[in-house]
Amino acid sequence: MSELAANIEASNLQSMTIYDFPVGPYPTRVRIAIAEKNLQDKVRFEMVDLYKGEHKRPDFIEQKNYSGTLPVLELADGTLIAECTAITQYLDTLDGSPSLTGTSPLEQGTIHMMSKRAEIEMLDAISTYFHHGTPGLGPSVELYQNPEWGFRQRDKAVRGMHYFDKLLQRQSFIAGEKFSMADITVIGGLVFAAIVKLDVPQECEALLAWFERMKTRESVKSQPAFSG
Ligand SMILES: N[C@@H](CCC(=O)N[C@@H](CS(=O)(=O)O)C(=O)NCC(=O)O)C(=O)O
């Protein structure tokens with residue numbers, strides 16, 4: 001990296017802003033990654049109130065994130081990065097020594113796959129249930145709801161819980177034998193499950209034991225979603 005590029009990178013590192021909803025499942029994913037990378041003193045959080053629909057305001061959509069979701073990372077030079085996986089990848093590789101997204105092609109591919117699978121089969125499915133099968137963020141934000149679709153996604157998420165339980169019967173973490181971004185994504189799913197009161201089936205003992213282990217990590221237990 002050239003000296004100029006390094007300085008830009010350094011200046012970006014000095015003041016990063018996360019547009020955030022502190023107890024939200026997706027923001028919690030990035031909060032955990034920030035804590036795992038010890039970047040807490042490099043980031044300021046700016047609350048965006050989902051229940052007031054601030055993330056759906058025209059100025060937020062236009063200036064921060066076309067998708068109207070949180071979290072969003074804003075760098076000192078105004079660069080915006082949305083999507084938890086992308087934000088985690090950026091933060092993880094900033095110091096040149098990734099610890100959450102993989103250090104080899106095989107690790108990177110496996111972690112990305114398992115994190116995406118955790119989104120598809122659990123986290124995003126529970127999010128859809130929240131928005132369509134419950135009052136969600138309230139009638140001023142949930143302008144269209146399809147309860148049947150929400151309930152189907154809820155059932156999909158429970159199947160996903162059984163999948164991850166079987167996986168954890170034969171390995172210690174979601175992407176293998178090391179903690180990674182994939183574990184953080186499943187943690188996000190279980191945070192959302194608690195919000196919508198969707199219990200993990202009691203027979204999913206390996207998943208429940210893994211979650212108890214995850215909650216002993218300082219990066220996890222220190223988050224507002226876990227501070228009760
Ligand atoms: N694919 C996006 C999804 C982000 C997302 O859905 N974030 C939630 C925040 S939270 O529910 O986890 O707190 C949101 O903005 N929801 C608002 C909405 O969907 O209207 C990502 O990975 O960042």
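For ligands, and for the atoms within them, numbers begin at 1 and follow the listed sequence.
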- Looking only at N/O atoms, are Pro25 and ligand 1 under 3.5 Å apart anywhere? yes
- Message: With heavy-atom distances below 4.5 Å as the criterion, would you say the side chains of Glu36 and Leu100 are in contact?
- Response: yes
- Query: What part of Val23, side chain, backbone, both or neither, has a heavy atom within less than 4.0 angstrom of ligand 1?
  - Reply: neither
- of all protein heavy atoms, closest to atom 4 (C) of ligand 1 is Leu70 O, 3.3 Å
- Does NZ or CZ of Lys215 come closer than 6.0 Å to the centre of the six-membered ring of Phe211, within 45° of the ring's axis? yes
- Please work out which of Phe192, Tyr26, Tyr51, Phe21 has its closest non-hydrogen atom nearest to atom 3 (C) of ligand 1. Tyr26
- Stepwise side chain to side chain donor-acceptor pair (under 3.5 Å) check, Thr69 with Asn65: CA-CA 7 Å; Thr69 61; Asn65 181 8; 3.1 Å; yes
- Message: Please report whether ligand 1 has a polar contact with Gly24, defined as an N or O pair separated by less than 3.5 Å (distance criterion only).
- Response: no
- Side chain, backbone, both or neither: the part of Leu137 lying under 4.0 Å from ligand 1 by heavy atom: side chain
- Among Glu83, His131, His55, Arg29, which one has a heavy atom closest to atom 21 (C) of ligand 1? Glu83
- Query: Under 4.0 Å from any heavy atom of Lys56, which atoms of ligand 1 are there?
  - Reply: 20 (O)
- Message: Need the ligand 1 atom indices (1-based, order shown) with element for anything under 4.0 Å from a heavy-atom of Pro27.
- Response: 9 (C), 10 (S), 12 (O), 13 (O)
- Query: What residues form a side-chain contact (heavy atoms from CB on, under 4.5 Å) with Gln108, not counting sequence neighbours?
  - Reply: none
- His55 and Phe21 aromatic centres sub-6.0 Å: no
- Query: Do we get Arg31 above Phe45's six-membered ring, with its NZ or CZ under 6.0 Å from the centre and within 45° of the axis?
  - Reply: yes
- Can you find an N/O atom of Cys84 closer than 3.5 Å to an N/O atom of ligand 1? yes
- Task: Please check if Ile61 and Leu50 belong to a single hydrophobic cluster, counting links between Ile, Leu, Val, Met, Phe, Trp and Tyr side chain heavy atoms closer than 4.5 Å.
- Result: no
